[in-house]
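These numbers were taken from a predicted model, which means no experiment stands behind them.
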Amino acid sequence: MAWVLLVVAGLFEVIWAIGLKYTEGFTRLWPSVGTVAAMAASVVLLGLAMRTLPVGTAYAVWTGIGAVGTVILGIVLFAEPASAARLVCVGLIVAGILGLKLTHA
């Protein structure tokens, strides 16, 4: 169950990271409210997952999911570059996340 909470926490991290773009510096009310709510949900779920997962593993996976999701959505939503080098780096992050999951005792 901790891994499910951690993945959902990571997805909320993606939501708030992308949401920051839409807040326009927290000058738009509803995008700001949604972003802050996603931030809170993300951190609460991370904290719950850390009750049973090691802090280093949980935090690394959480940030990795957030980084990968944010890069992918940046490419899709904001026409950010999808160069081969960028995609290889994203693949390395995914490999790290999987490695941490597979080696977790």
Visitor: Please, which pairs that meet ring pair (Phe, Tyr, Trp, His ring centres under 6.0 Å) have at least one residue in residues 33-57, sequence neighbours excluded?
Guide: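 Qualifying pairs, neighbours excluded: none.
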
Visitor: Which pairs with one or both residues in residues 35-59 pass side chain to side chain donor-acceptor pair (under 3.5 Å), sequence neighbours excluded?
Guide: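 Of all non-adjacent pairs touching residues 35-59, those that pass side chain to side chain donor-acceptor pair (under 3.5 Å) are Ser42-Trp62.
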
Visitor: Under 3.5 Å, which donor-acceptor pairs do the side chains of residues 76-102 form with other protein atoms, sequence neighbours left out?
Guide:
unit_1 : atom_1 : unit_2 : atom_2 : d
Ser83  : OG     : Arg86  : N      : 3.2
Arg86  : NH1    : Pro81  : O      : 2.5

Visitor: Starting from Val33, walk the hydrophobic network (Ile, Leu, Val, Met, Phe, Trp, Tyr; side-chain heavy atoms closer than 4.5 Å) and list everyone else you reach, by chain and number.
Guide: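 Via sub-4.5 Å side-chain contacts, Val33 links to Leu29, Trp30.
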
Visitor: If you look only at pairs with a residue in residues 32-41, which of them pass as a salt bridge (charged side-chain N to carboxylate O under 4.0 Å, His left out), with sequence neighbours excluded?
Guide: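 Every candidate salt bridge (charged side-chain N to carboxylate O under 4.0 Å, His left out) pair involving residues 32-41 fails, so no pair, neighbours aside, qualifies.
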
Visitor: For Met50 and Leu46, what are the C-alpha separation, side-chain angles and deciding distance, and is it a side chain to side chain contact (heavy atoms under 4.5 Å, CB included)?
Guide: CA-CA 6 Å; Met50 282 187 182; Leu46 173 62; 3.7 Å; yes

Visitor: Hydrophobic cluster membership, with links at side-chain heavy-atom distances under 4.5 Å among I/L/V/M/F/W/Y: are Val43 and Leu48 in one?
Guide: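 No, separate clusters.
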
Visitor: Identify each donor-acceptor pair in which a side-chain atom of residues 2-21 lies under 3.5 Å from a protein atom, sequence neighbours left out, and give them as a table.
Guide:
none

Visitor: Counting only N and O atoms by type, is there a donor-acceptor contact under 3.5 Å from the side chain of Thr70 to the main-chain atoms of Ala67?
Guide: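 Checked: no pair found.
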
Visitor: Does any pair with a residue in residues 31-52 pass ring pair (Phe, Tyr, Trp, His ring centres under 6.0 Å), and if so which ones, sequence neighbours excluded?
Guide: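 Output for this query is empty, none listed.
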
